[in-house]
Amino acid sequence: MNLELVSVIMPSYNTGTYISDSIESVLQQTYRNLELIIVDDHSTDGSVNLIKDIALKDERIKLIVLPENSGAANARNIAINKAQGQYISFIDSDDLWVSDKIEKQVKFMRTRNVSFVASYYEYINFNNEKMNRIIRGSLKRDYYGVLKNSPGNSTVIYDVLALGKTYVPLIKKRNDYVMWLQIIKKAKQLYVMPEVLVHYRIRPGSLSSNKKGLIKYHWYIYRNYEKLNVFSTLYLITNLMIRGIYRKIRGKL
């Protein structure tokens, strides 16, 4: 393990339109001591060549190209296994970081002696335009708080020295959510920084755009992974739907 190094995990699959900007938002971080591990899940849109061109200019990029498509969860796990840093952070290949995200989060973790941190995030569209929707939520969450309100994947960082590595379950959707639930059981608390450090892209065809499908996956997670009873599951699903409706209404205001 390389102390103070931040290992940034980025799975990639056919996001050639956006991935260059996402990579640059990592490389331009004010916190320079990082490695960016990109695992390409057998893209067919020329993404790999784009990544290789950028990697020639910055040795902090480590590219792994998979011989066949196996899903984002597997790609994340391969990257986590290769990570050498004290801290592990995540970014999707179409999201953008604010330039001092890592610096602020690492400082927050060190000064407060905490191991699991996220932040607010804001939605942007496929043209990089802000959608006037900032996702906030409780600033301090225990296991039940994370159950009710999961952090955004591209906002999270955790301390491997304190918590060890945590891998992603091999399910298609919401595998990151299950990982956060595993981590919170070890960390006990998730601290959310009350500022927007990530621009989270909503694009046509993205997995997160299918809300009905996400509700189905949440039910599966609550019952099969977290072993919650039916009443607890119904409560959490209802809470998820209410928050979704509230956010939709706010987005139209």
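These figures come from a predicted structure and were not determined experimentally. Only heavy atoms go into these numbers, but all of them, side chains included; no hydrogens, no water, no symmetry mates.
Grouping the Ile, Leu, Val, Met, Phe, Trp and Tyr side chains by contacts below 4.5 angstrom, directly or via other members, places Leu234 with Met241. Neither Ile91 nor Leu5 shares a network with the other; the hydrophobic side chains, linked directly or stepwise wherever heavy atoms of I, L, V, M, F, W or Y lie under 4.5 Å apart, form separate groups for each. Val192 and Tyr144 fall within a single hydrophobic cluster, where Ile, Leu, Val, Met, Phe, Trp and Tyr side chains are chained together by heavy-atom contacts under 4.5 Å. Placement of Leu163 and Leu181 within a single hydrophobic cluster is found when ILVMFWY residues are connected by side-chain heavy-atom separations under 4.5 Å, directly or transitively. Linking Ile, Leu, Val, Met, Phe, Trp and Tyr whenever their side-chain heavy atoms come within less than 4.5 Å puts Ile88 and Leu3 in one cluster.
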Exercise for review: Let me see the working for His42 and Val65 under side chain to side chain contact (heavy atoms under 4.5 Å, CB included), right down to the final yes or no.
Suggested key: CA-CA 6 Å; His42 200 68; Val65 181; 5.7 Å; no

Exercise for review: Applying side chain to side chain contact (heavy atoms under 4.5 Å, CB included), run through Tyr158 and Val117 and close with a yes or a no.
Suggested key: CA-CA 6 Å; Tyr158 72 90; Val117 174; over 6 Å; no

Check your understanding: Taking it one step at a time, do Gln182 and Thr166 satisfy side-chain hydrogen bond (donor to acceptor under 3.5 Å, both in side chains)?
Key -> CA-CA 7 Å; Gln182 294 175 15; Thr166 300; 5.2 Å; no

Point to revise | side chain to side chain contact (heavy atoms under 4.5 Å, CB included) assessment of His218 paired with Tyr177 | key: CA-CA 9 Å; His218 274 271; Tyr177 178 44; 3.4 Å; yes

Exercise for review: Start with the C-alpha distance between Ile61 and Ile54, add both sets of side-chain angles, then the distance that settles side chain to side chain contact (heavy atoms under 4.5 Å, CB included), and finish with yes or no.
Suggested key: CA-CA 8 Å; Ile61 297 176; Ile54 299 172; 3.7 Å; yes

Exercise for review: Give the C-alpha distance, both sets of side-chain angles, the deciding distance and a yes or no for side-chain hydrogen bond (donor to acceptor under 3.5 Å, both in side chains) between Glu226 and Tyr143.
Suggested key: CA-CA 11 Å; Glu226 299 307 306; Tyr143 171 74; 2.5 Å; yes

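With contacts defined as side-chain heavy-atom distances shorter than 4.5 Å, the pair Tyr123/Ile135 qualifies. Between Ile102 and Ser89, the closest side-chain pair of non-hydrogen atoms falls below 4.5 Å. Contact of the Leu228 side chain with the Leu236 side chain is registered, since non-hydrogen atoms from C-beta on lie closer than 4.5 Å. Using a 4.5 Å heavy-atom cutoff, the side chains of Met10 and Ile23 are in contact. Under the 4.5 Å side-chain criterion, counting only non-hydrogen atoms from C-beta, Ile157 is in contact with Val106. No side-chain heavy atom of Asn81 sits under 4.5 Å from any side-chain heavy atom of Asn77. Side-chain contact between Tyr121 and Ile134 is absent, with no heavy-atom pair separated by less than 4.5 Å. The shortest side-chain heavy-atom distance between Ile78 and Leu66 falls under the 4.5 Å cut-off.
Closest heavy-atom contact between Pro11 and Ala72: CB-O, 4.3 Å. Summarising the geometry of Val39 relative to Ala75, their closest heavy-atom pair is CG2-O, 3.5 Å, with the distance given to 0.1 Å. The two residues Asn149 and Gly137 come nearest to each other via the heavy atoms ND2-CA, 3.5 Å. Closest non-hydrogen pair, His199 versus Val98, comes out as NE2-CG2, 4.2 Å. Nearest heavy-atom pair across Leu197 and Met193 is CD1-SD, 4.3 Å. The two atoms that bring Asn127 and Arg201 nearest to each other are N-NH1, 4.5 Å, heavy atoms only.
A distance-only check finds no donor-acceptor pair linking the side chain of Arg174 to the backbone of Ile221 [under 3.5 Å]. For the pair Glu122 (side chain) and Arg133 (backbone), a donor-acceptor distance under 3.5 Å is absent. Between the side chain of Asn2 and the main chain of Gln84, no donor-acceptor pair closer than 3.5 Å is present. Formation of a donor-acceptor pair under 3.5 Å by the Asn229 side chain with backbone atoms of Ser232 is found in this model. Side-chain atoms of Lys165 come within 3.5 Å of backbone atoms of Ile80 as a donor-acceptor pair (strictly under, hydrogens ignored). Panel note: side chain Ser138, backbone Gly145; no donor-acceptor pair is recorded below 3.5 Å. Side chain of Ser25 to backbone of Ser22: a donor-acceptor contact under 3.5 angstrom is found. Using a distance-only test at 3.5 Å, with no hydrogens or angles considered, no donor-acceptor pair links the side chain of Ser154 to the main chain of Asp95. In terms of modelled atom types and a separation under 3.5 Å, the side chain of Arg60 and the main chain of Leu27 share a donor-acceptor contact. Asp45 places a side-chain N or O within donor-acceptor distance of the main-chain N or O of Gly16, the cut-off being under 3.5 Å.
A salt bridge between Lys104 and Glu195 is present, with a side-chain N of the basic residue lying under 4.0 Å from a carboxylate O of the acidic one. We find that Lys62 and Glu35 are joined by a salt bridge, their nearest charged nitrogen and carboxylate oxygen being less than 4.0 Å apart.
Of the listed residues (Thr15, Asn14, Asp41, Asp40), just one forms a side-chain hydrogen bond (donor to acceptor under 3.5 Å, both in side chains) with Ser93, and that residue is Thr15.
Note that CG of Asp21 and CG of Asn128 are 6.0 Å apart. Values are rounded to the nearest 0.5 Å. Note: Glu24 CD to Asp58 CG = 8.0 Å, rounded to the nearest 0.5 Å. Phe90 contributes atom CZ, which lies 7.0 Å from atom CG of Asn153 (distance to the nearest 0.5 angstrom). The OH atom of Tyr222 sits 8.0 Å away from atom OG1 of Thr233, with the distance rounded to the nearest 0.5 Å. Expressed to the nearest 0.5 Å, how far OG of Ser70 lies from OH of Tyr13 amounts to 11.0 Å. One distance of note links OG of Ser12 with CD1 of Ile38; it measures 7.0 Å at 0.5 Å rounding.
By the 6.0 Å contact criterion, NZ on Lys107 is open, its count of non-hydrogen atoms from other residues, nucleotides or ligands being 12 or less. Summarising the local packing, CD of Glu59 is surrounded by 12 or fewer heavy atoms from other residues, nucleotides or ligands at distances under 6.0 Å. In the displayed structure, Lys52 atom NZ is contacted under 6.0 Å by at most 12 heavy atoms of other residues, nucleotides or ligands.
Annotation: cation-pi geometry satisfied between Lys101 and Trp97 (NZ/CZ under 6.0 angstrom from ring centroid, within 45° of ring axis).
Ring geometry for Phe116 versus Trp180: interplanar angle of 30 to 60°, hence tilted.
Under 3.5 Å, the side chains of Ser115 and Asp159 contain no donor-acceptor pair of N or O atoms. Lys148 and Tyr235 share a side-chain donor-acceptor pair at under 3.5 Å. For Ser99 and Gln28, the side-chain atoms include no donor-acceptor pair closer than 3.5 Å.
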